[in-house]
Amino acid sequence: MTDSELGLNQRIWQVVAAIPPGRVATYGQVAEKAGLSRAARRVGYALRGLPTNTRIPWHRVVNSQGRISLPEGSKPHATQRDRLAREGVVFSATGTIDLRHHGW
DNA sequence: TACTTGACAGCAT
DNA sequence: AATGCTGCCAAGT
């Protein structure tokens, strides 16, 4: 495995793992903290490759609008929302999170 | 080997 | 407010 492969994904996962419960970070923030300043897309790709039983708190990562970036109605979407709600994250009627309050 | 795609985001129009 | 374009970087075709 090359450094660019392992290093990149692990850096991303490490950053995600550091997000405290009850808080959410945007893909852009994760990318920046991982040293990828503008590779928000790469973050989504890395999370997408995580196994279902991973211990990485991937659910604490949402897009810049405070919305879950997964197809509404899909199972992963419901899982993310449920886990966040369980940590005390509040969703508005339209399904958006107030980043001013829950942002990292 | 080259082009397209993707759990995104910021800026321009 | 809604599109569209560009940057990022690995994977798929």
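Labels below follow one simple rule: chain letters A, B, ... track the order of the sequence lines, proteins then strands, and each chain is numbered from 1.
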* Asked: In B/S/- notation, 5' to 3', how is nucleotides 5-11 of chain B contacted by protein heavy atoms closer than 4.0 Å?
  -> -BBBSS-

* Integer angstrom distance from the P of dC5(C) to that of dT4(B) -> 14 Å

* Quantified in whole Å, what is the C1' atom distance between nucleotide dA7(B) and nucleotide dA2(C)? -> 22 Å

* Hey, quick one: are Val43(A) and Val15(A) part of the same hydrophobic cluster, counting side-chain heavy atoms closer than 4.5 Å, chains of contacts allowed? -> yes

* Whether over 12 other heavy atoms sit under 6.0 Å from Arg83(A) CZ -> yes

* Presence of salt bridge, Arg38(A) and Glu32(A), under 4.0 angstrom -> no

* Asked: Taking CD from Gln10(A) and P from dA10(C), how many angstroms apart are they, rounded to a whole number?
  -> 14 Å

* Validate the cation-pi geometry between Arg81(A) and Phe91(A): distance from NZ or CZ to the six-membered ring centre under 6.0 Å, angle to the ring axis within 45°. => yes

* Do side-chain atoms of His77(A) reach the backbone of Leu70(A) as a donor and acceptor pair under 3.5 angstrom? -> yes

